[in-house]
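Throughout, a chain's letter reflects where its sequence line sits, starting with A, and its residues are numbered from 1.
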Protein chains: 2
Amino acid sequence: MNIVEQIDKINMQLTVKGYKLTPQREITLKVLLENERDHLSAEEVYMLVKQEFPEIGLATVYRTLELLAELQIVQKMNFGDGVARFDLRMEGHDHMHHHLICKVCGALEEIQDDWLLDLEQRVATEYGFQVTDHRLDFTGVYHTCKNNSKQCKRTGKAVS
Amino acid sequence: MNIVEQIDKINMQLTVKGYKLTPQREITLKVLLENERDHLSAEEVYMLVKQEFPEIGLATVYRTLELLAELQIVQKMNFGDGVARFDLRMEGHDHMHHHLICKVCGALEEIQDDWLLDLEQRVATEYGFQVTDHRLDFTGVYHTCKNNSKQCKRTGKAVS
DNA sequence: TTTCGTGCAAAGGTTTTGCACCGCA
DNA sequence: TGCGGTGCAAAACCTTTGCACGAAA
């Protein structure tokens with residue numbers, strides 16, 4: 001599914017709920033889809049949207065992101081750096097992505113396996129708790145970073 | 001290990017790093033240890049410390065919590081309610097606690113099983129990533145909350 | 001016209017910082 | 001004296017909100 005199709009699909013979700021796909025919302029969505037792997041902050045989204053739509057205000061970006069979170073199109077997350085970051089939840093990614101956070105190079109990789117179905121079953125039986133969503137983050141170090149190579153394997157970023 | 005012993009142990013960790021256990025820090029630690037299960041925010045810690053040490057300033061609490069996080073005695077966490085919360089990491093709890101967050105009653109339960117050793121092994125082999133810590137939160141609903149009982153099973157809190 | 005969405009500026013809430021002061025080596 | 005630690009207030013920071021305006025049904 002390409003970006004245009006995804007935006008169409010989201011447009012339908014908006015319409016059903018009585019919301020409109022304004023140019024501001026469309027460009028914000030485009031930015032999110034084009035940077036799906038990057039976990040952008042509101043400020044970063046704002047900067048990118050501004051390149052195509054300079055008149056947009058930061059408040060609109062916040063309102064759009066809030067709207068998308070309400071529709072479960074994005075998920076608001078916090079990785080401890082003081083800003084909220086937004087994770088797309090398209091195409092069955094629903095509650096199935098985990099994160100690897102490298103302490104050396106700062107990379108934040110998303111991995112797609114769903115490893116937790118057994119655990120969710122155990123939580124249900126042992127704790128009387130029905131899971132609807134989960135969050136799993138691993139902090140650690142890429143072997144390539146640890147081995148003192150000059151670049152992070154994933155991002156290509158220079159490593160301090 | 002009782003609270004006095006735990007504070008002694010932490011005092012040693014502080015001393016090794018050149019920090020002192022001031023009365024403010026000691027009372028802050030006591031509050032954290034006495035409310036280990038509660039994931040207090042800085043403001044909540046401040047209120048509780050103030051009861052025993054009214055002259056303390058909020059900034060000191062923030063600085064103490066930051067210091068304890070640096071020493072890995074507490075972990076700063078964010079559950080999406082706009083404030084940082086602090087999780088004690090004493091007595092081998094290290095990277096072994098997970099959370100159940102009930103959407104109905106708001107309870108935040110800590111569970112102690114360490115279910116992720118296998119997954120950490122997989123991450124190491126499949127992604128070339130050595131895990132040093134992890135975070136696993138389950139969002140969902142307690143069966144007792146779902147069944148419309150008037151109280152949450154865990155907290156006893158009234159359920160809307 | 002009515003409603004929804006927007007931009008701007010102001011407000012709100014949390015956390016950090018600057019600075020003078022204090023106690024202890 | 002020197003230095004780490006503190007309290008207070010101000011600042012910084014991210015995010016939300018109030019309000020008037022504008023576009024579309």
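Not a single donor-acceptor contact under 3.5 angstrom links the side-chain atoms of R63(B) to the base of dG4(D).
If you measure from atom CG of L21(B) to atom P of dA25(C), you get 14 Å, rounded to the nearest angstrom. Computed from coordinates, the E66(A) CD to dC4(C) C1' distance equals 15 Å when rounded to whole Å. The interatomic distance linking L58(B) (CG) with dC8(D) (P) rounds to 11 Å, in whole Å. Rounded to an integer number of Å, the gap from K17(B) NZ to dG5(D) P is 14 Å. Rounded to an integer number of Å, the gap from M77(B) CE to dT14(C) P is 19 Å. Between E70(A) atom CD and dG5(C) atom P the separation is 11 Å, expressed in whole Å. Nucleotide dT6(D) holds its P atom 14 Å from the NZ atom of K50(B), rounded to whole Å. In this structure, Y19(A) places its OH atom 19 Å from P of dA25(D), rounding to the nearest Å.
When each of K20(B) and P54(B) is assigned the nucleotide of DNA chain D bearing its nearest heavy atom, the one mapping closer to the 5' terminus is K20(B).
Note on E43(B): nothing from the nucleic acid sits closer than 4.0 angstrom, heavy atoms only. Counting non-hydrogen atoms under 4.0 angstrom, E55(B) reaches the backbone sugars and phosphates but no base. Among the protein residues, F53(A) comes within range of the sugar-phosphate backbone only, with heavy atoms under 4.0 Å from sugar or phosphate atoms but none that close to a base.
The side chain of T22(A) contributes an N or O atom lying less than 4.0 Å from OP1 or OP2 of dT6(C). Proximity of S41(A) to the phosphate of dC14(D): no side-chain N or O atom is located under 4.0 Å from OP1 or OP2. Listed pair T60(B) / dG7(D) meets the phosphate criterion, a side-chain N or O lying under 4.0 Å from OP1 or OP2. Residue Y62(B) has a polar side-chain atom (N or O) positioned under 4.0 Å from OP1 or OP2 of dT15(C).
Note on Y62(A): it does not cluster hydrophobically with V83(A), by side-chain heavy-atom contacts below 4.5 Å among ILVMFWY residues.
The backbone N or O of T132(B) sits nowhere less than 3.5 Å from a side-chain atom of T139(A) that would complete a donor-acceptor pair.
By the 30° and 60° cut-offs, the orientation of the rings of H39(A) relative to H99(A) is perpendicular.
Nearest to the side chain of K76(B), among dG5(C), dT15(D), dT16(C), sits dT16(C). Nearest to the side-chain atoms of A59(A) among the listed nucleotides dT6(C), dC8(C), dG5(D) stands dC8(C). Here the side chain of R25(B) is nearest to one of dT6(C), dT15(D), dT6(D), namely dT6(D).
For the pair D133(B) and R89(B), the salt-bridge criterion is met [side-chain N within less than 4.0 Å of a carboxylate O]. Salt-bridge check for E70(B) with K17(B): failed, with every basic side-chain N at 4.0 Å or more from each acidic carboxylate O.
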